[in-house]
K.L.:
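Take a look at this one; I'll ask things after.
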Amino acid sequence: MKAFYCDCGQRLFFDSSSCLSCGAAVGFDPHQLNIVPVQPDYWSCENQRIHKVCNWLVPKDSGQQFCLSCGLNEVIPKLDNPGNLTLWARLEGAKRRLLYNLLSLNLTVTASAGQNGLRFRFLEDQRRNPDALEDFVATGHLAGTITINVAEADNVYRAAESDAFSERYRTLLGHFRHESGHYFFKVLINNPELSKQWRWVFGDERTDYARAMDAYYEAGASPDWPESYVSPYASSHPHEDWGETFAHYLHIHDTLETAHANGVQKPQGDDWIAEWMSLSVTLNELNRSLGLDDPYPFVLTERVTQKLKFIDRLIRQ
């Protein structure tokens with residue numbers, strides 16, 4: 001994330017809707033990828049005017065009521081349920097950071113020739129809300145639609161799930177980035193030659209997915225998974241390896257941009273993997289100094305690095 005500033009010089013942030021110094025109304029313009037004053041040719045997103053959960057702006061000449069981000073929603077939580085407004089605001093915040101990340105990489109998120117575009121469904125299930133239609137909602141992706149279980153925005157629930165599945169890292173933003181990877185698989189791997197290259201790096205995605213996932217959940221990852229995969233889950237199937245690695249590529253890209261913008265680390269040329277390894281050690285040591293868990297508890301082996309560089313080449317091309 002780059003740094004943002006008001007016209008008066010005051011520092012602004014990605015979620016800012018007003019300047020604390022001069023009081024100017026501001027918002028995020030997804031076309032400029034910048035926080036800008038709310039001028040006569042913009043209006044605030046409908047979800048900002050009604051619910052105060054969005055600071056993205058809408059060009060008036062578009063005729064739209066919702067911003068680019070909120071306009072991708074198919075289902076949002078029922079806001080008459082206690083606590084859902086807070087959980088929805090967290091989901092939207094993570095989604096906007098995903099979209100900034102993708103747009104900054106020049107990846108198209110709306111419908112285009114041959115692609116449906118990204119869509120989002122935030123659903124409850126009966127484990128949290130007895131009146132919900134579904135008894136179980138799994139976070140996942142299907143044909144461009146990303147479904148997130150609303151409970152994932154509950155910090156206590158998410159911590160319990162992280163412990164149950166022995167996941168050292170489980171965040172809302174991580175979910176969004178992983179699931180977006182499944183969408184961009186079909187966008188980026190769009191010809192036979194790329195499919196051949198992809199299988200050489202990640203494996204054959206035609207392997208029976210359901211059988212592979214059953215085996216993973218029954219027996220877990222093999223003991224030698226750290227040699228070739230960024231996480232245990234990545235070892236379950238080539239599609240999940242891609243999803244996990246794609247998410248890590250987005251983690252790295254966004255965090256390096258943030259570090260550069262805030263003077264934490266200067267750009268160090270084209271070797272962004274080496275730069276990230278150096279920065280991640282610093283981040284982990286800072287957290288340890290505060291008695292907190294490592295924010296990046298992962299090791300990038302040569303095999304994982306190869307996969308990250310493959311993704312980088314695809315996106316740059």
Side-chain angles (χ1 to χ4, degrees), residues 47 51 53-54 66-81 83-102 107-111 115-162 164-165 167 169-187 205 209-210 212-214 216-217 231 233-234 236-237 239-248 250-251:
N47 283 334
H51 304 294
V53 300
C54 179
F66 294 101
C67 70
L68 182 151
S69 176
C70 293
L72 300 179
N73 290 342
E74 288 187 345
V75 181
I76 66 170
K78 290 186 177 180
L79 300 183
D80 54 354
N81 291 349
N84 271 5
L85 180 60
T86 297
L87 299 183
W88 179 44
R90 292 174 184 170
L91 287 160
E92 292 292 345
K95 172 159 69 79
R96 288 194 297 272
R97 285 187 176 269
L98 165 72
L99 295 177
Y100 171 89
N101 207 176
L102 298 174
L107 292 171
T108 302
V109 300
T110 53
Q115 298 295 335
N116 295 327
L118 281 171
R119 307 292 294 175
F120 296 88
R121 297 164 61 88
F122 304 135
L123 301 177
E124 293 183 280
D125 63 30
Q126 294 170 8
R127 293 174 297 171
R128 182 176 180 274
N129 176 11
D131 296 326
L133 295 177
E134 304 288 341
D135 59 353
F136 179 84
V137 170
T139 291
H141 163 268
L142 180 64
T145 298
I146 292 175
T147 298
I148 305 288
N149 190 319
V150 173
E152 288 290 343
D154 183 321
N155 295 334
V156 174
Y157 170 89
R158 196 171 62 254
E161 291 293 286
S162 178
F165 290 100
E167 296 175 341
Y169 178 92
R170 187 185 180 107
T171 68
L172 268 184
L173 186 52
H175 282 317
F176 278 100
R177 285 174 171 163
H178 174 101
E179 299 306 336
S180 75
H182 292 308
Y183 168 74
F184 281 103
F185 170 76
K186 289 193 174 182
V187 173
E205 83 284 4
Y209 181 83
M213 299 309 296
D214 286 344
Y216 173 77
Y217 283 117
S231 71
Y233 188 60
S236 62
H237 187 274
H239 271 315
E240 299 307 336
D241 188 13
W242 164 266
E244 288 285 88
T245 311
F246 187 90
H248 278 261
L250 297 185
H251 293 332

K.L.:
Within a strict 4.5 Å, meaning less than it, do heavy atoms of the Arg177 and Phe246 side chains meet?
P.N.:
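They are not in contact (no side-chain heavy atoms under 4.5 Å apart), so the answer is no.
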
K.L.:
How close do Gly181 and Trp242 get, heavy atom to heavy atom, and via which atoms?
P.N.:
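Nearest heavy atoms, Gly181 then Trp242: O-NE1, 2.6 Å.
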
K.L.:
Any donor-acceptor pair under 3.5 Å linking the side-chain atoms of His182 with those of Glu240?
P.N.:
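Side chains of Glu240 and His182: pair found under 3.5 Å.
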
K.L.:
His248 vs Tyr169 aromatic rings, parallel, tilted or perpendicular, using cut-offs 30° and 60°?
P.N.:
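His248 vs Tyr169 ring planes: tilted.
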
K.L.:
Distance from Leu107 atom CG to Asn101 atom CG, nearest 0.5 Å?
P.N.:
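The CG atom of Leu107 sits 9.0 Å away from the CG atom of Asn101.
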
K.L.:
Tell me, do Cys54 and Arg96 make a side-chain contact under 4.5 Å, heavy atoms counted?
P.N.:
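In short, these two side chains touch, coming nearer than 4.5 Å.
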
K.L.:
Find the distance between OG1 (Thr110) and CZ (Arg119) and round it off to the nearest 0.5 Å.
P.N.:
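One finds 10.5 Å between OG1 of Thr110 and CZ of Arg119.
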
K.L.:
Salt bridge (Lys or Arg N to Asp or Glu O under 4.0 Å) with Arg90: which residues, sequence neighbours excluded?
P.N.:
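Residues passing salt bridge (Lys or Arg N to Asp or Glu O under 4.0 Å) with Arg90: none at all.
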
K.L.:
Kindly compute the distance separating NE2 (His251) from CG (Leu173), expressed to the nearest 0.5 Å.
P.N.:
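Between His251 NE2 and Leu173 CG, I get 6.5 Å after rounding to 0.5 Å.
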
K.L.:
So do the side chains of Met213 and Tyr233 get within less than 4.5 Å of each other, counting heavy atoms only?
P.N.:
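The answer is yes, as the side chains (C-beta and beyond) meet within the 4.5 Å cut-off.
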
K.L.:
What distance separates Leu250 CG from His178 NE2, expressed to the nearest 0.5 Å?
P.N.:
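NE2 of His178 is found 12.0 Å from CG of Leu250.
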
K.L.:
Is it the case that atom CG in Leu142 sees more than 12 heavy atoms from other parts of the structure closer than 6.0 Å?
P.N.:
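Not more than 12 within 6.0 Å, no.
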
K.L.:
Does some side-chain heavy atom of Ile148 sit less than 4.5 Å from a side-chain heavy atom of Lys95?
P.N.:
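No, every pair of side-chain atoms sits at 4.5 Å or beyond.
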
K.L.:
Does any part of the side chain of Arg128, heavy atoms only, come nearer than 4.5 Å to the side chain of Leu87, both counted from C-beta?
P.N.:
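A side-chain contact exists here, since the closest heavy-atom pair is under 4.5 Å.
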
K.L.:
Please assess Arg170 against His175 for the test side chain to side chain contact (heavy atoms under 4.5 Å, CB included), listing each intermediate value before the final yes or no.
P.N.:
CA-CA 8 Å; Arg170 187 185 180 107; His175 282 317; 3.7 Å; yes

K.L.:
To the nearest 0.5 Å, what is the distance between CZ (Phe176) and CG (Leu102)?
P.N.:
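Between Phe176 CZ and Leu102 CG, I get 11.5 Å after rounding to 0.5 Å.
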
K.L.:
In Å, rounded to the nearest 0.5 Å, how long is the span from CD of Glu92 to SG of Cys70?
P.N.:
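Separation between the atoms: 4.5 Å.
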
K.L.:
Do Leu68 and Val109 have side chains that approach each other closer than 4.5 Å (heavy atoms only, starting at C-beta)?
P.N.:
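In short, these two side chains touch, coming nearer than 4.5 Å.
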
K.L.:
Could you list the residues that satisfy side chain to side chain contact (heavy atoms under 4.5 Å, CB included) with Lys78, not counting sequence neighbours?
P.N.:
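Only Asp80, Asn81 meet the side chain to side chain contact (heavy atoms under 4.5 Å, CB included) criterion with Lys78.
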
K.L.:
Under a 4.0 Å N-O cut-off, is there an ion pair linking Arg158 with Glu161?
P.N.:
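Salt bridge absent between Arg158 and Glu161.
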
K.L.:
Are the side chain of Asn47 and the backbone of Val53 linked by a donor-acceptor contact shorter than 3.5 Å?
P.N.:
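Side chain of Asn47 to backbone of Val53: no pair is present.
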
K.L.:
For Phe120, run the side chain to side chain contact (heavy atoms under 4.5 Å, CB included) check against Thr145, Thr147, Leu98 and tell me which one passes.
P.N.:
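One option only clears the test, and that one is Leu98.
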
K.L.:
Hey, does Leu99 have a side-chain heavy atom less than 4.5 Å from the side chain of Leu72?
P.N.:
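Yes, at least one pair of side-chain atoms sits under 4.5 Å.
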
